[in-house]
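Some notes on the structure that comes next.
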Amino acid sequence: MDLMRPLAVVVALLAVWAAAAEGFDILQILGKQDEFSQFCKLLNETHLAGDINRDRTITVLAVANGDMGHLTSGHYSLGTIRHILELHVVADYYDEKKLKQLSHGATAASTLFQRSGFAPGMAGYVNLTDLLSKKYCKSFAGLLAADAKAFDTINGTKDTALTLFCPVDAAVAAFLPKFKNLTAKAKTAILLYHAVPDYYSMQFLKSNKGEVTTLATTSVAKKDYTYEAQTEADTVTLDTTVTTSTIQATVRDDDPLAIYAVSKFLQPKELFKSKTKDLAPAPAPEGAKKKTKKKPGSTSTAAAPSGDEAADGPAADDSADDAADKAGAAPSPLVRWVTAVATVAAVLALVA
């Protein structure tokens, strides 16, 4: 199991406790639920449980057994495992009410890893974010959490001006097979395609019609990544020329941030075949047909994808990027888990 798998699922159940009362025992609290047995075992073996118990105010992000990945494989030292677990312990108390009251929906929180003195720079901080509603956007939040570049770009824009079109869970489920076949770059691009670097209130959307520029437009060189927004019978529609999606609900509308739940996953024409492409010309009448000879080595240009499609399309191959990645030194387990857990904590409130 890949170490990055817990990104979207590690918080399937967030075990959050405050050490407000003296004499609490984290192992005893977690031990009441069998699904946290491996997490408890490592807390005990690394002696981190004792440090947690001594803290007056703490929030623990407990990982279920099925999401522990290679952490229980025996490949890592107890020191490395301890640092990974420290990233799951926020040195402050966060309940649902406090998460909902985050300024601009996000905050950077220190963990026990940062407090340990071993965290390089700000690596011991995690971003806690309350942007998306579980009712509409849980699945989309998981996709964002698993893509650090997309998440950081969107999170870095929300305080200035941001409109996010979040596909409802059913739309994400329907599109997921196609999403999995995209290259890493294309996945990032299509997630950013749902974000607009401007604040659009519902009133503005209903009273205006025009082309929408997205974060993918500004992030992907030489690509358009825009779509048309318009209103029909008081319903706002987004037309990408591949799919037409409608706004189903307002998740949040509070300047400078607006989030809307939409009916379909927005598919850009840069990655998928447009439904408005010109149809092929009708075949010539029988008598007008002429036989032509193909030149040796010639190929049909219609059958070959363009350079852009070959680079980013659903069946594309990131072999060049993969080769470049493999040429460098493989990241240490701790570095990979630092990245993973930072994103996990970022999605803390997205699925809460």
Side-chain angles (χ1 to χ4, degrees), residues 2 4-5 7-9 132 137 139-157 162-197 211-228 238-245 262-277 301-328 336 339-340 343 346-347 350:
D2 192 283
M4 300 302 287
R5 180 176 177 270
L7 286 178
V9 293
L132 305 180
C137 304
S139 298
F140 188 68
L143 294 181
L144 286 179
D147 191 311
K149 183 176 180 180
F151 181 87
D152 289 344
T153 302
I154 291 174
N155 200 45
T157 308
L162 178 69
T163 299
L164 187 64
F165 297 108
C166 157
V168 296
D169 291 345
V172 175
F175 181 71
L176 203 55
K178 289 184 179 179
F179 183 81
K180 290 180 178 179
N181 286 331
L182 293 172
T183 66
K185 288 183 179 179
K187 287 178 180 177
T188 298
I190 201 171
L191 292 175
L192 294 177
Y193 189 59
H194 290 75
V196 179
E211 188 177 80
V212 176
T213 299
T214 69
L215 283 179
T217 308
T218 58
S219 301
V220 183
K222 300 179 181 179
K223 295 290 184 74
D224 185 34
Y225 282 111
T226 61
Y227 41 83
E228 190 83 8
L238 308 174
D239 188 357
T240 74
T241 75
V242 180
T243 55
T244 300
S245 185
V262 295
S263 61
K264 293 183 180 180
F265 213 102
L266 302 178
Q267 301 178 40
K269 59 184 178 297
E270 288 78 9
L271 299 177
F272 301 93
K273 186 177 180 180
S274 172
K275 62 186 179 185
T276 60
K277 281 188 177 179
T301 56
S306 67
D308 289 341
E309 290 173 335
D312 293 325
D317 186 359
D318 258 353
S319 56
D321 291 339
D322 292 343
D325 292 340
K326 291 175 181 178
R336 283 183 288 174
T339 303
T343 311
V347 79
L350 303 187

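Summarising the geometry of V172 relative to P167, their closest heavy-atom pair is CG2-O, 3.8 Å, with the distance given to 0.1 Å. Here the closest heavy-atom approach between residue L164 and residue A195 is recorded as CD1-CB, 3.8 Å. Nearest heavy atoms, A189 versus A216: O-CB, 3.4 Å. Heavy atoms only, all atoms of each residue included: S263 and S245 are closest at N-OG, 3.3 Å.
Rounding to the nearest 0.5 Å places OG1 of T244 at 11.0 Å from CD of E228. Here the OG1-NE2 distance, from T163 to H194, works out to 13.5 Å after rounding to the nearest 0.5 Å. In this structure, Y225 OH and L266 CG are separated by 13.0 Å, a value rounded to the nearest 0.5 Å. Atoms CG and CG, from L271 and N181 in turn, are 12.5 Å apart once rounded to the nearest 0.5 Å. K187 contributes atom NZ, which lies 15.0 Å from atom NZ of K149 (distance to the nearest 0.5 angstrom).
Ring pair F165/Y227 is perpendicular by interplanar angle, where above 60° counts as perpendicular and below 30° as parallel.
Side chain of T226 to backbone of T213: no donor-acceptor contact under 3.5 angstrom is found. Checked by atom type and distance alone, the side chain of T240 pairs as donor or acceptor with a backbone atom of Q267 at under 3.5 Å.
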Practice problem: Run the numbers on L162 and L215 for side-chain contact (heavy atoms from CB on, under 4.5 Å), then give the verdict. | Solution: CA-CA 9 Å; L162 178 69; L215 283 179; 4.3 Å; yes

Test side-chain contact (heavy atoms from CB on, under 4.5 Å) on L176 and L143; report intermediate values, then the result.
CA-CA 10 Å; L176 203 55; L143 294 181; 4.2 Å; yes

**OP:** Test side-chain contact (heavy atoms from CB on, under 4.5 Å) on D224 and E270 and set out the steps.
**Re:** CA-CA 8 Å; D224 185 34; E270 288 78 9; 3.1 Å; yes

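Two residues are said to be in side-chain contact when any heavy atoms from C-beta on lie closer than 4.5 Å; I190 and F175 meet this criterion. Put simply, the side chain of L191 does not reach to within 4.5 Å of the side chain of T153, judged on heavy atoms.
Among residues two or more places apart in sequence or in another chain, the side-chain hydrogen bond (donor to acceptor under 3.5 Å, both in side chains) test is passed with S139 by D169.
Aromatic ring centroids of F265 and F272 lie 6.0 Å or more apart.
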